[in-house]
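This report concerns only the one structure given below.
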Amino acid sequence: MLGQSDSRIVKEMREVQPYEHRVQYYETDQMGIVHHSNYIRWFEEARTDMLRQIGIGYGEMECRGIASPVLEVSAKYRAMTRFEDMVVIRVDVVEFNGITLRLAYRVEDRETGEVRCTGESRHCFLDQAGHPMSLKRSRQEIYEILSRQVCTGNAQTMKK
């Protein structure tokens, strides 16, 4: 739970480290490249890691009665990724109004920086009864944390 000792989280934007992933054999298809569905899983892994880093992981939110389902997800595949490649997945909060959250993702080769995939996801927030909720009204501390993560237009994920 967020307490007084965590008030520094609310006061300043947290530096989020990119998520790293080594491609596993089971993630590849018959052609030896990563199956397209795995990028969406990687987005989720990176999103979960980012939320944990800023102090509001999914476990924390669920303890507070908040669910955050995916409303939309998209991916643009730019280059092939193969077994044992190391990729870095960057996540940026590009839009947040307390009710919905939009994130951008950028999957890059760790060694070369080559962009392998970019994407976005959009989420909402629900209470335990499954009703939409406004974090600004009902969970101000979480609203503040996410608000401070919104990028200013020069995000790593948005660079070409």
Side-chain angles (χ1 to χ4, degrees), residues 1-22 27 34 36-78 81 86-110 113 115-160:
M1 295 274 183
L2 291 173
Q4 282 190 336
S5 64
D6 295 313
S7 62
R8 63 180 173 73
I9 294 171
V10 175
K11 292 179 182 171
E12 58 189 59
M13 183 174 159
R14 300 288 298 275
E15 177 77 27
V16 176
Q17 298 303 310
Y19 180 75
E20 292 191 0
H21 180 81
R22 180 180 302 278
E27 295 174 310
V34 170
H36 65 276
S37 64
N38 288 296
Y39 291 93
I40 304 302
R41 289 183 181 97
W42 298 350
F43 291 174
E44 183 171 353
E45 291 172 19
R47 176 176 67 251
T48 301
D49 183 66
M50 181 269 294
L51 291 171
R52 187 179 312 107
Q53 286 185 57
I54 65 172
I56 53 168
Y58 275 128
E60 169 69 23
M61 287 201 297
E62 289 174 358
C63 284
R64 291 170 165 249
I66 304 167
S68 183
V70 174
L71 299 174
E72 300 174 31
V73 66
S74 65
K76 184 172 184 179
Y77 307 102
R78 298 179 178 265
T81 307
M86 283 296 297
V87 293
V88 173
I89 305 154
R90 301 179 192 284
V91 183
D92 284 315
V93 177
V94 293
E95 188 177 290
F96 174 65
N97 63 13
I99 299 168
T100 61
L101 170 70
R102 188 166 60 97
L103 304 169
Y105 306 88
R106 183 178 174 96
V107 180
E108 302 170 352
D109 181 271
R110 188 177 74 178
V115 177
R116 302 295 176 83
C117 181
T118 57
E120 286 192 353
S121 64
R122 196 167 67 87
H123 309 261
C124 68
F125 300 95
L126 304 177
D127 63 20
Q128 288 179 318
H131 300 116
M133 66 185 301
S134 167
L135 294 181
K136 187 173 185 176
R137 279 187 268 177
S138 59
R139 300 291 193 277
Q140 185 68 36
E141 67 282 1
I142 295 174
Y143 173 82
E144 292 295 329
I145 292 168
L146 283 169
S147 292
R148 283 174 173 69
Q149 295 300 316
V150 176
C151 22
T152 58
N154 59 353
Q156 287 293 320
T157 55
M158 305 312 281
K159 290 181 181 175
K160 297 267 180 189

Q. To the nearest 0.5 Å, how far apart are OG in S68 and CG in L51?
A. 7.5 Å
Q. So does E108 pair up with R106, basic N to acidic O under 4.0 Å?
A. yes
(Q) With a 4.5 Å cut-off on side-chain heavy atoms, are V70 and E44 touching? (A) no
Q. Atom CD in Q149, atom CD in E144: separation rounded to 0.5 Å?
A. 12.0 Å
Q) Under a 4.5 Å cut-off applied to non-hydrogen side-chain atoms, are R139 and M61 in contact? A) no
Q: To the nearest 0.5 Å, tell me how far I89 CD1 sits from T118 OG1.
A: 12.5 Å
**Q.** Nearest-0.5 Å distance that lies between atom CG in L71 and atom CZ in R122
**A.** 5.0 Å
Q. Distance-only, no hydrogens or angles: does the D49 side chain make a donor-acceptor pair with backbone N or O of Y19 under 3.5 Å?
A. no
Q. Taking only residues at least two apart or on different chains, which pairs with a member in residues 42-73 satisfy ring-ring contact (aromatic ring centres under 6.0 Å, His included)?
A. H21-W42, Y39-W42, F43-Y105
Q.
Working to the nearest 0.5 angstrom, can you tell me the gap between Q17 CD and R90 CZ?
A. 9.0 Å
Q: List for me each residue that meets side-chain hydrogen bond (donor to acceptor under 3.5 Å, both in side chains) alongside D109, sequence neighbours excluded, and say none if there are none.
A: T112, R116
Q) What distance separates R64 CZ from I56 CD1, expressed to the nearest 0.5 Å? A) 9.5 Å
Q. With a 4.5 Å heavy-atom cut-off, do I54 and L146 have their side chains touching?
A. yes
**Q.** Donor-acceptor contact below 3.5 Å, side chain S74 vs main chain G119
**A.** no
Q | Closest non-hydrogen atom pair, M86 against R22 | A | SD-CB, 3.2 Å
Q. Can you tell which of M50, R47, R102 makes a side chain to side chain contact (heavy atoms under 4.5 Å, CB included) with V93?
A. M50
Q. Just one of I99, L103, T100, V73 clears the side chain to side chain contact (heavy atoms under 4.5 Å, CB included) bar with H123, so which one?
A. L103
Q: Please name all residues satisfying ring pair (Phe, Tyr, Trp, His ring centres under 6.0 Å) with F96, sequence neighbours left out, ordered by chain then number.
A: Y143
Q: Return the minimal non-hydrogen interatomic distance between V150 and V94, and the atom names on each side.
A: CG1-O, 4.1 Å
Q. Would you call E45-R41 a salt bridge at under 4.0 Å N-O?
A. no
